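What you see is a predicted model; the values in this text were computed from it and never measured. The figures that follow rest on heavy atoms only: side chains count, while hydrogens, waters and symmetry mates do not.
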Amino acid sequence: MSNEEKAVALLAEAEKKVKSSQGFFGGLFGGASKLEDAVELYIRAANMFKLAKNWSAAGTAFVEAAKIQQFNLQSKHEAAQHYVDAGTCFKKSDNEESVQCFESAIDIFTDMGRFTMAAKNHITIAEIYENNLVDLEKAIYHYEQAADYYRGEESNSSANKCSLKVAMYSAQMENYPKAIEIYEQVAATAIESSILKYSAKEYFFKAALCHMCVDVLEAQRALDKYCDMHAAFQDSRECKLLKNLLEAQEEQNVEAFTEAVQEYDSISRLDQWLTTILLRIKKSMNEEPDLT
């Protein structure tokens, strides 16, 4: 008997247990214990389907187990865990179905006050939208939810990681004010900590670049403010680059802008996000009319 055949046999057995638990006589003769047996059979079937790499069938079996635990046996924690198991299986076969399972788990975890668990599952959904379904708006929404839950639980480091994802994708989608607000908040928090202080320059750097996408004068004011807030930023390569870029932007000097970027990139490689933002700033310089 193959693993798939064993799984199908276990499913049939589970369904029989569910049917025999229903109705008047089912209730009289150990309805609850029959449902517990059915749950166990569904889980065994799901694991057999996993061995057979039939991820969709495995996910469906876990969902059946979760529903019985949630609606019949009132075993909330176990139900949530099996929705997570189902979501993990569906990730390999059906992303939309996967998201629904993780959302079912989140509903239970929030109802139980297990906000850290809810946050972790929001991140899992965000990553599905980020990498598989490529829907950045939905990814942003779930990272925001995760950040809120983490902050409520005083897990500020985890909350900031999620917020930085929101900032990154907001800037990508040209919602610069939102990105600036987050980068500034996280940087302000970082400079208060002896451990995190070093990372503040990266967030000030990104906030200033977002300002440059909107308004060169506002970017200059922001840069001055960041230097006042964080003395170490003033001496950084990032700050030097920003000063050169702002000067080039004010003078509409595309060549000087390109040279400054290339010089920085020769020592500190620019990642995809920085490259995209810098190209947008450069493009905007080309588009603006020369008034001299």
Chemist: Donor-acceptor pair, Ser268 side chain versus Asp265 backbone, under 3.5 Å?
Modeler: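 Not at all, since once roles are kept as given, no pair shorter than 3.5 Å links the two residues.
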Chemist: Between Phe204 and Phe233, how do the two ring planes meet: parallel, tilted or perpendicular, split at 30° and 60°?
Modeler: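 Judged by the thresholds at 30° and 60°, the geometry between Phe204 and Phe233 is tilted.
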Chemist: Compare all side-chain heavy atoms of Phe90 with those of Asn95 and state whether any distance is below 4.5 angstrom.
Modeler: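 No; the side chains remain at least 4.5 Å from each other.
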Chemist: Please check if Leu164 and Val166 belong to a single hydrophobic cluster, counting links between Ile, Leu, Val, Met, Phe, Trp and Tyr side chain heavy atoms closer than 4.5 Å.
Modeler: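 Yes: a chain of side-chain contacts under 4.5 Å links Leu164 to Val166.
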Chemist: Honestly curious: do Leu73 and Phe109 fall in one hydrophobic cluster under the side-chain, below-4.5 Å linking rule?
Modeler: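 Leu73 does not cluster with Phe109.
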Chemist: With a 6.0 Å cut-off (strictly less than), is the heavy-atom count around CD1 of Ile267, excluding the residue itself, greater than 12?
Modeler: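 Yes, because the 6.0 Å sphere around CD1 of Ile267 holds more than 12 heavy atoms from other groups.
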Chemist: Are Glu181 and Lys178 within salt-bridge range, i.e. N to O under 4.0 Å?
Modeler: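 No.
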Chemist: If the test is side chain to side chain contact (heavy atoms under 4.5 Å, CB included), which one of Ile180, Leu246, Leu217 qualifies with His211?
Modeler: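 Passing option: Ile180.
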Chemist: Got Lys6 and Asn3 here, is their nearest side-chain heavy-atom distance under 4.5 Å?
Modeler: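 They are in contact (side-chain heavy atoms under 4.5 Å apart), so the answer is yes.
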Chemist: Determine the minimum heavy-atom distance between Ala86 and Gly59, stating which atoms define it.
Modeler: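 Residues Ala86 and Gly59, closest heavy atoms: CB-O, 3.5 Å.
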Chemist: Given side-chain contact (heavy atoms from CB on, under 4.5 Å), test Arg151 with Asn160 step by step and report yes or no.
Modeler: CA-CA 9 Å; Arg151 236 168 234 114; Asn160 284 343; 3.0 Å; yes
Chemist: Report yes or no: does Gln252 contribute a side-chain atom to a donor-acceptor pair with the main-chain N or O of Gln249 at less than 3.5 Å?
Modeler: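 Side chain of Gln252 to backbone of Gln249: a pair is present.
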Chemist: Backbone N or O of Ser158 within a donor-acceptor pair of the Ser155 side chain at under 3.5 Å?
Modeler: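 Judged by distance alone, no pair lies under 3.5 Å.
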Chemist: Are any of the side-chain heavy atoms of Glu78 and Val39 separated by less than 4.5 Å?
Modeler: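 A side-chain contact is absent here, since even the closest heavy-atom pair is not under 4.5 Å.
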Chemist: Could you check if a side-chain atom of Val84 sits within less than 4.5 angstrom of a side-chain atom of Asn121, using non-hydrogen atoms only?
Modeler: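 The answer is yes; the side chains approach within 4.5 Å.
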Chemist: Would you kindly say whether Tyr226 and Glu184 are connected by a side-chain donor-acceptor distance under 3.5 Å?
Modeler: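 Looking only at side-chain atoms, Glu184 and Tyr226 do form a donor-acceptor pair, the distance falling under 3.5 Å.
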Chemist: Shortest non-hydrogen contact from Phe102 to Thr88?
Modeler: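 Smallest heavy-atom distance, with atoms named: CZ-N, 3.6 Å.
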Chemist: Indicate, with yes or no, if Ile281 and Val216 share a hydrophobic cluster defined by side-chain heavy-atom contacts under 4.5 Å among Ile, Leu, Val, Met, Phe, Trp and Tyr.
Modeler: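 Yes, same cluster.
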Chemist: Is Thr189 reaching over with its side chain to a backbone N or O of Gln185, donor-acceptor style, under 3.5 angstrom?
Modeler: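 Side chain of Thr189 to backbone of Gln185, a donor-acceptor pair under 3.5 Å: yes, one is there.
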Chemist: Decide side-chain contact (heavy atoms from CB on, under 4.5 Å) for Tyr183 and Leu209; before the verdict, give the C-alpha distance in whole Å, the side-chain angles of both, and the deciding distance to 0.1 Å.
Modeler: CA-CA 11 Å; Tyr183 282 132; Leu209 288 175; over 6 Å; no
Chemist: Excluding sequence neighbours, so at least two apart, what forms side chain to side chain donor-acceptor pair (under 3.5 Å) with Asp94?
Modeler: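 For Asp94, no residue satisfies side chain to side chain donor-acceptor pair (under 3.5 Å) once neighbours in sequence are set aside.
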Chemist: Taking the basic N atoms (NZ, or NE/NH1/NH2) and the acidic carboxylate oxygens, is any pair closer than 4.0 Å for Lys206 and Glu202?
Modeler: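 Yes, charged N to carboxylate O under 4.0 Å.
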Chemist: Please find the pair of heavy atoms, one from Cys162 and one from Ile123, that lie closest to each other, and give the distance.
Modeler: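 So the two residues come closest at SG-CD1, 3.6 Å.
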Chemist: Determine, stepwise, if the pair Asn47 / Ile43 fulfils side-chain contact (heavy atoms from CB on, under 4.5 Å).
Modeler: CA-CA 6 Å; Asn47 288 325; Ile43 292 164; 3.8 Å; yes
Chemist: How long is the straight-line distance from NZ of Lys92 back to CG of Asn132, given to the nearest 0.5 Å?
Modeler: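 If we round to the nearest 0.5 Å, Asn132:CG and Lys92:NZ are 11.0 Å apart.
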Chemist: Which atom pair, heavy atoms only, marks the closest approach of Ile191 to Ala200?
Modeler: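 Shortest heavy-atom contact: CG2-CB, 3.4 Å.
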Chemist: Determine whether Glu263 and Lys240 satisfy the following criterion, side-chain contact (heavy atoms from CB on, under 4.5 Å), listing intermediate values before the conclusion.
Modeler: CA-CA 11 Å; Glu263 187 191 330; Lys240 186 189 168 194; 3.8 Å; yes
Chemist: Using the rule side-chain hydrogen bond (donor to acceptor under 3.5 Å, both in side chains), only one of Glu130, Glu144, His142 pairs with Lys165; which is it?
Modeler: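 So, applying the side-chain hydrogen bond (donor to acceptor under 3.5 Å, both in side chains) to Lys165 and each of Glu130, Glu144, His142, only Glu130 qualifies.
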Chemist: So for atom CD, which belongs to Glu251, do other residues, nucleotides or ligands contribute more than 12 heavy atoms lying within a distance under 6.0 Å?
Modeler: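 Enclosed: over 12 neighbouring heavy atoms sit under 6.0 Å from CD of Glu251.
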Chemist: Compare every heavy atom of Cys101 with every heavy atom of Val63, then report the nearest pair and how far apart it is.
Modeler: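 Smallest interatomic distance, heavy atoms only, reads CG2-SG, 3.8 Å.
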Chemist: Quick one: does Arg114's side chain get under 4.5 Å of Lys76's, heavy atoms only?
Modeler: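 No, every pair of side-chain atoms sits at 4.5 Å or beyond.
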Chemist: Would you say Tyr264 and Glu238 are linked by a side-chain donor-acceptor pair, where the criterion is simply a distance under 3.5 Å?
Modeler: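 Yes, Tyr264 and Glu238 have a side-chain donor paired with an acceptor closer than 3.5 Å.
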Chemist: Is the CD atom of Glu255 crowded by more than 12 outside heavy atoms at less than 6.0 Å?
Modeler: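 Result for CD/Glu255: open.
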Chemist: For the NZ atom of Lys50 and the CH2 atom of Trp55, what is their distance to the nearest 0.5 Å?
Modeler: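 Answer rounded to 0.5 Å: 6.5 Å.
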Chemist: Do Tyr176 and Arg280 come within less than 4.5 Å of each other through their side chains, counting heavy atoms only?
Modeler: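 Yes, side chains in contact.
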Chemist: Could you give the distance from CD1 (Ile106) to CD1 (Ile125), rounded to the nearest 0.5 Å?
Modeler: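 These two atoms lie 3.5 Å from each other.
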Chemist: With rounding to the nearest 0.5 Å, note down the distance linking CG in Leu241 to CG in Leu270.
Modeler: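 Rounded to the nearest 0.5 Å, the CG-CG separation comes to 8.0 Å.
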Chemist: Asn54: what forms a side chain to side chain donor-acceptor pair (under 3.5 Å) with it, not counting sequence neighbours?
Modeler: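 Residues passing side chain to side chain donor-acceptor pair (under 3.5 Å) with Asn54: Glu4.
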Chemist: If two hydrophobic side chains count as joined below 4.5 Å and joins carry through other members, does Val99 share a cluster with Tyr169?
Modeler: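 Different clusters.
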Chemist: Roughly how far apart are Gln81 CD and Met117 CE, rounded to 0.5 Å?
Modeler: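 Interatomic distance, Gln81 CD to Met117 CE, rounded to 0.5 Å: 6.0 Å.
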Chemist: Would you say Met285 and Leu245 are hydrophobically clustered, going by side-chain heavy atoms of ILVMFWY under 4.5 Å?
Modeler: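 Same cluster.
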Chemist: With a 4.5 Å heavy-atom cut-off, do Tyr150 and Thr116 have their side chains touching?
Modeler: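 Sidechains of Thr116 and Tyr150: in contact.
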Chemist: Would you list the atom pairs, donor with acceptor, under 3.5 Å between side chains in residues 271-279 and any protein atom, with sequence neighbours excluded?
Modeler:
unit_1, atom_1, unit_2, atom_2, d
Asp271, OD1, Trp273, N, 3.2
Asp271, OD1, Leu274, N, 2.8
Trp273, NE1, Met168, O, 3.0
Thr275, OG1, Asp271, O, 2.8
Thr276, OG1, Gln272, O, 2.9

Chemist: OG of Ser98 to CG of Leu133: how many Å apart, nearest 0.5 Å?
Modeler: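 Those atoms lie 9.0 Å apart.
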Chemist: Tell me which pairs pass side chain to side chain donor-acceptor pair (under 3.5 Å) where either residue lies in residues 56-71, with sequence neighbours left out.
Modeler: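 Applying side chain to side chain donor-acceptor pair (under 3.5 Å) to every pair that reaches into residues 56-71, excluding sequence neighbours, yields Gln70-Tyr83.
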Chemist: Among all residues two or more places apart in sequence or in another chain, which pass the side chain to side chain contact (heavy atoms under 4.5 Å, CB included) test with Ala14?
Modeler: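 For Ala14 the side chain to side chain contact (heavy atoms under 4.5 Å, CB included) partners, ignoring immediate neighbours, are Leu41, Tyr42.
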Chemist: Restricting to non-hydrogen atoms, name the atom on Tyr129 and the atom on Ala139 that form the minimum distance, rounded to 0.1 Å.
Modeler: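 So the minimum-distance heavy-atom pair works out to CB-N, 3.8 Å.
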Chemist: Suppose we screen for side chain to side chain donor-acceptor pair (under 3.5 Å). Which residues come up paired with Tyr149, at least two apart in sequence or across chains?
Modeler: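 With neighbours one apart ignored, the set is empty.
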